[in-house]
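Order of the sequence lines sets the chain letters (A, B, ...), proteins ahead of strands, with each chain counted from 1. Values below: all heavy atoms of this structure, side chains included; hydrogens, waters and symmetry mates excluded.
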2 protein chains.
Amino acid sequence: MSEHDKVDKYPSMTIGDNENNKRVVEKATIGVQLKAIRTENKLTLEEASKRTGLARSTLSKIENEQISPTFSVMQKLASGLNIELPQLFTKPKETKVTGRRDVTLNGQGRPHATLTYEHELLSTQLRNKKMMPYKSRVHARNFDHFGEWVRHEGEEFLLVLEGEVQLLTEFYEPATLVVGDSAYYDATMGHLVISTSK
Amino acid sequence: MSEHDKVDKYPSMTIGDNENNKRVVEKATIGVQLKAIRTENKLTLEEASKRTGLARSTLSKIENEQISPTFSVMQKLASGLNIELPQLFTKPKETKVTGRRDVTLNGQGRPHATLTYEHELLSTQLRNKKMMPYKSRVHARNFDHFGEWVRHEGEEFLLVLEGEVQLLTEFYEPATLVVGDSAYYDATMGHLVISTSK
DNA sequence: AAATAAAGTTTCCTATAGGAAACTTTTATT
DNA sequence: AATAAAAGTTTCCTATAGGAAACTTTATTT
């Protein structure tokens, strides 16, 4: 292997440069990550070797991006160094909303109407939030307005701001909620909110 | 390779059974995961092969846990199948609140008072929620009640139910919020809420 | 600043991953 | 139910990962 080869073996390894031409911008930094984790823990290659059961040389090569470790090696790394697997290739988490906030004054949210609901989406300036807050006015007055359960990934929390609604969910009896009442539920279970106000 | 070998190659591969005797309970299911993802997307091995740029045979062997894919292969999988890398070895998230809900009537939450806030924790019956909803009455009337910024992991959404408060955050001017106003912010950035009601 | 020790890298070899093609099994079609 | 087509598996080979030991570099001690 020539000197040039060594340096360029995994040059900047752009992920997914496959025939479909799907290109992912992120770089493969498993070596860099590993070295960072090891040095932060003040471990030598020898010590890391003992903990992971991997050869000193193997660790060195991974750190210098000379080889692409197998999944089983990655598992030994995570286990031996007491970290979660994704830490090996995920840069220290940067929340997408890092250092940002978004204030939405009453009634200034982005409107979004459907047949059954009138939503006011809140904090729409912030992208990639973990929560999607919104205020809703409920029009639906019975199950038939929907036809079937609403289901989707994630969890929902609701708080009644005015009037009276019924929360219908699979497996449970309907719950009548008035101002100040709230509920939290798994959204993969069928759910609906209907209005029982006048 | 004997029939027995084939079956047991990666028998139930308990991770991290290394000399430090650190034992991780989780199983290595990258093959199972991959197969699940592929079939859910109604892809044949051939199609998956085209998308990822990997050989049909390689995919088959990975799915049957006959080989341990290298990191670079895992990247091609994630990229080609349009998934996040950790999805390959993390079982489809089973929310801890699966199939459950928790209704909290007004004033029936669990009280939790501090010097500066009077909290009413909501939906405390459900454990391991992704969100922690609560109503708070704010006592603090200036920064000095705290001494320094509040900081923690995650994101916060707040909605004013009555009175008037000021939201103080690093990097931003204070925001005055009245009933119906809301805000969303990164909680790792210093933040405080103080009361400006009478 | 030599000598020694410790940490890290490279080489060389063996084991295993990944690809091409043959083979087997399953599904669809007549 | 026989045939064809499609999907999946296995074989066989080549390329590359991983381990042992030699080698180089960096830090430490005298």
Side-chain angles (χ1 to χ4, degrees), chain A residues 1-11 13 15-19 28 30-32 34-81 88-89, chain B residues 1-11 13 16 18-19 28 30-32 34-81 88-89:
Chain A
M1 193 186 264
S2 74
E3 185 59 32
H4 178 264
D5 282 341
K6 264 187 289 185
V7 175
D8 272 345
K9 186 88 181 285
Y10 292 103
M13 204 155 74
I15 308 179
D17 193 4
N18 59 25
E19 45 267 27
I30 197 167
V32 179
L34 174 59
K35 186 158 196 172
I37 292 166
R38 178 175 65 84
T39 52
E40 275 163 23
N41 286 63
K42 305 215 189 310
L43 295 173
T44 65
L45 285 176
E46 179 58 35
E47 291 164 327
S49 166
K50 282 227 185 69
R51 295 197 188 200
T52 58
L54 296 164
R56 209 160 79 253
S57 56
T58 304
L59 296 174
S60 170
K61 283 182 264 189
I62 294 170
E63 288 190 354
N64 294 299
E65 312 255 280
Q66 287 174 22
I67 61 177
S68 177
T70 60
F71 181 58
S72 65
V73 163
M74 289 169 66
Q75 290 178 311
K76 286 179 190 169
L77 286 172
S79 167
L81 300 178
L88 284 171
F89 46 82
Chain B
M1 194 189 263
S2 76
E3 185 59 35
H4 179 263
D5 281 340
K6 265 188 287 185
V7 175
D8 272 345
K9 186 85 178 289
Y10 293 103
M13 204 155 73
N18 60 23
E19 44 269 27
I30 198 168
V32 179
L34 174 59
K35 185 159 195 171
I37 292 165
R38 178 176 64 83
T39 52
E40 275 164 24
N41 286 62
K42 305 215 190 309
L43 295 173
T44 64
L45 285 176
E46 179 58 34
E47 292 164 327
S49 165
K50 283 228 186 69
R51 295 196 187 202
T52 58
L54 296 165
R56 208 159 79 252
S57 57
T58 303
L59 295 174
S60 170
K61 283 182 263 189
I62 293 170
E63 288 189 356
N64 294 300
E65 311 255 280
Q66 286 173 19
I67 62 177
S68 177
T70 59
F71 182 57
S72 66
V73 164
M74 288 170 66
Q75 290 178 309
K76 286 179 189 169
L77 286 172
S79 167
L81 301 177
L88 284 170
F89 46 83

Do any N or O atoms from the side chain of B:S68 and from the backbone of A:F71 form a donor-acceptor pair under 3.5 angstrom?
-> yes
Of D:dG18, C:dG19, C:dT9, the nucleotide closest to the side chain of A:V73 is D:dG18
The nucleotide from D:dA17, D:dG8, D:dT11 with an atom nearest the side chain of B:K61 is D:dT11
Does B:S57 reach a base, just sugar-phosphate, or nothing at all? Heavy atoms under 4.0 Å. base
Mark yes or no for whether B:R56, through its side chain, and B:L45, through its backbone, hold a donor-acceptor pair below 3.5 Å. no
Between B:E47 and A:I62, the residue closer to the 5' end of DNA chain D by nearest nucleotide is B:E47
Which of D:dT10, C:dT10, C:dG19 is nearest the side chain of B:A55? It is C:dG19
With the side chain defined as heavy atoms from C-beta on, A:T70 is closest, among D:dG19, C:dT9, D:dA17, to D:dA17
*Is any side-chain heavy atom of A:R38 closer than 4.5 Å to a side-chain heavy atom of A:L59?*
no
So what does A:T44 hit on the nucleic acid, given a heavy-atom distance under 4.0 Å: a base, only sugar-phosphate, or nothing? sugar-phosphate
Practice problem: Indicate yes or no: at least one non-hydrogen side-chain atom of B:F89 is less than 4.5 angstrom from one of A:Q75. | Solution: no
Has the side chain of A:R56 got a donor or acceptor that lies under 3.5 Å from a partner of the other kind on the base of C:dG8? yes
